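Here is how names work: the chains are called A, B, and so on, in the same order as the sequence lines, proteins then strands, and each is numbered from 1. Everything numeric in this text was worked out from a predicted model, so none of it was measured.
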Number of protein chains: 2
Amino acid sequence: MLPGWWQESNNLPKRQNVKTVQSIDRAFSLLEEIAREGAGISDLARSVNLPTSTVARLLYTLEDLGAIVRTIDDTTYQIGPALLTMATTVDPTQSLLAVAQPHLLDLVEALGETVGLSIPAGYDVHYIGEADSPHPVQIRDWTGVSLPMHVVPAGLVILSQWPNDAVDRFLDRPLDRFTSKTVIDPEQIRSRLEVARRQGYLWAHEEFSEGINSVAAPLYNNTGVVMGALHSHGPAYRFPDETMEEIIGQRLVQVAASISEALGYHP
Amino acid sequence: MLPGWWQESNNLPKRQNVKTVQSIDRAFSLLEEIAREGAGISDLARSVNLPTSTVARLLYTLEDLGAIVRTIDDTTYQIGPALLTMATTVDPTQSLLAVAQPHLLDLVEALGETVGLSIPAGYDVHYIGEADSPHPVQIRDWTGVSLPMHVVPAGLVILSQWPNDAVDRFLDRPLDRFTSKTVIDPEQIRSRLEVARRQGYLWAHEEFSEGINSVAAPLYNNTGVVMGALHSHGPAYRFPDETMEEIIGQRLVQVAASISEALGYHP
DNA sequence: AGGCACTTCCCGCATTATGGGAATATTGTA
DNA sequence: TACAATATTCCCATAATGCGGGAAGTGCCT
């Protein structure tokens with residue numbers, strides 16, 4: 001049976017009466033259509049279901065702003081410099097956070113525990129942000145902290161995607177122990193990486209700190225490379241409900257896949 | 001003295017009577033402001049000089065669309081998933097073209113000769129697009145064609161940014177000769193790479209094809225790596241005017257710098 | 001040449017965005 | 001903890017602004 005805190009992410013804690021601005025809404029429908037596939041005015045008018053003249057005006061505005069460009073053959077529109085420049089201006093960490101944020105919130109709502117993001121930094125994982133659990137009892141915010149990859153699942157799932165020789169170099173160093181349960185034996189670590197690869201997620205029980213359990217799943221960018229991990233953690237006394245490890249893990253994998261996709265990853 | 005075709009790029013061959021859509025214009029001012037630096041509603045209202053309530057409504061719309069997100073601390077806005085996803089969806093070649101296009105048009109207007117873009121592909125340069133000269137006599141469109149790097153300045157300027165050992169491997173192969181003027185001697189090529197590095201641009205005179213001269217300058221992406229070249233070429237009888245080689249080269253470098261900057265490059 | 005489809009332009013109408021201002025929330029300060 | 005200062009959210013009357021039908025212009029294919 002599902003514990004009380006489990007709920008489908010119905011999300012949308014929207015404000016009350018607010019109306020959105022029509023023309024901006026429409027402009028973004030067009031942009032999304034164009035991003036999906038470049039097209040001319042009348043094609044676009046058909047696909048967003050608006051009169052041609054309206055679409056023409058909106059596109060003219062977007063073109064004027066540099067958000068879209070006509071391709072050299074002058075017949076179809078494409079996403080333009082202004083938009084691309086805005087996107088590249090954002091520093092990659094921020095952009096990962098921005099892309100992931102709505103998913104984090106969904107997941108917090110579904111799991112009832114804190115959910116966070118981390119990125120590799122040398123042989124450490126660096127926690128770049130989290131969305132907090134609504135629970136009154138919660139784990140401190142680890143944002144900004146770096147930890148050795150082998151003590152947290154976030155690190156282990158990242159490691160699990162590295163090529164073998166890189167893993168060998170990683171393990172060919174003395175590994176710190178954080179709690180009595182920290183796994184520091186290279187062979188045991190290797191077999192956990194295998195588990196992570198097979199399942200897509202990995203659990204750790206009080207290996208980094210007494211009283212904290214954690215799961216993680218890897219995130220991929222548009223070049224297919226691991227670029228970080230999504231994790232959730234909570235106090236050991238309530239997280240995870242033993243019967244839920246697999247379900248939670250799979251949910252995490254699902255959400256991680258959505259984030260990767262939004263980052264341009266195509267499996 | 002400047003030849004007749006030389007002119008400042010006054011560009012903007014705008015349409016006649018068209019009005020842009022106010023709310024979209026404003027929305028993009030906000031997006032640009034946010035991309036430059038995340039900020040809250042009232043800060044943004046001040047910087048774009050609009051009433052707070054108006055800005056609030058515009059931001060709400062953008063947030064609803066996922067174009068912006070509130071940062072985890074909930075006080076400032078950031079560029080959001082929808083925008084970033086659109087940008088990453090575009091394939092990199094297309095996005096380079098899109099970013100560069102306005103600059104290409106400016107440069108064509110200034111030089112009066114065809115201007116194009118190419119990207120490295122193994123030991124070749126691949127021509128991905130061009131903006132044509134208005135001249136009745138012009139060079140054929142090379143879009144889609146690949147050429148060995150050593151026969152065109154576009155290739156040479158890319159090579160000039162490679163690490164030495166990569167250049168060594170490149171030169172340690174038999175190099176094809178295309179015309180009597182093609183340079184295939186490794187030592188001569190090395191010294192031309194040096195020239196390219198020093199000047200920022202490089203000329204070639206009928207080395208790839210009789211009757212064609214060409215200049216190129218390298219383009220850098222946000223990670224600081226060469227990602228292609230900007231070049232211009234024209235019939236040898238008129239291009240370049242001998243006294244103009246340096247001025248044209250420097251202009252090319254300028255424009256290449258603008259493109260690189262729009263790609264996120266910071267020197 | 002003729003026809004079809006796409007794009008650009010015009011203009012009267014009312015839908016829609018606008019912004020002043022009040023209410024509420026949040027933050028800083030004593 | 002209370003109070004002030006600032007930021008955000010909400011409401012609503014007003015007309016400015018975006019809207020879209022339709023005509024004119026352009027280009028393409030057969």
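Atom NZ in B:K19 sits about 11 Å away from atom P in C:dC11, given to the nearest Å. Separating the CG atom of A:L58 from the P atom of C:dA17 is a distance of 11 Å, rounded to the nearest angstrom. Taking atom CZ of residue B:R46 and atom P of nucleotide C:dG19, one finds them 17 Å apart after rounding to whole Å. Following rounding to the nearest Å, A:I41 (CD1) and D:dG27 (C1') show an atom-to-atom distance of 14 Å. Counting to the nearest Å, the P atom of C:dT7 and the OH atom of A:Y77 are 8 Å from each other. Taking atom CZ on A:R57 and atom P on C:dC9, their separation rounds to 13 Å, with Å as the unit. Regarding A:Y60, its OH atom lies at a distance of 12 Å from the P atom of C:dC10, rounded to whole Å. One can place CZ of B:R26 at 10 Å from C1' of D:dT17, the figure rounded to the nearest angstrom.
For DNA chain C, the neighbouring residues in residues 47-54 of chain A, judged by any heavy atom under 4.0 Å, are A:T52, A:S53.
The nearest heavy atom of DNA chain C to A:Q22 and to A:A39 marks one nucleotide each, and the one closer to the 5' end goes with A:A39.
An OP1 or OP2 oxygen of C:dA5 is reached within less than 4.0 angstrom by no side-chain nitrogen or oxygen of A:S42.
Residue B:I259 comes nearest to B:A100 through the heavy atom pair CD1-CB, 3.9 Å, listed as atom of the first residue, atom of the second, then distance. Shortest non-hydrogen contact noted between A:S232 and A:F239 is OG-CZ, 3.7 Å.
Taking CD1 from B:I24 and CG from A:L58, the interatomic distance works out to 4.5 Å, rounded to the nearest 0.5 Å.
Every residue two or more places apart in sequence or in another chain that forms a side-chain contact (heavy atoms from CB on, under 4.5 Å) with A:E33 is listed here: A:R36, A:L44, A:S47.
Using modelled atom types and a 3.5 Å distance limit, the side chains of A:D25 and A:T20 yield a donor-acceptor pair.
Within a 6.0 Å radius of CD in A:E37, no more than 12 heavy atoms belonging to other residues, nucleotides or ligands are found.
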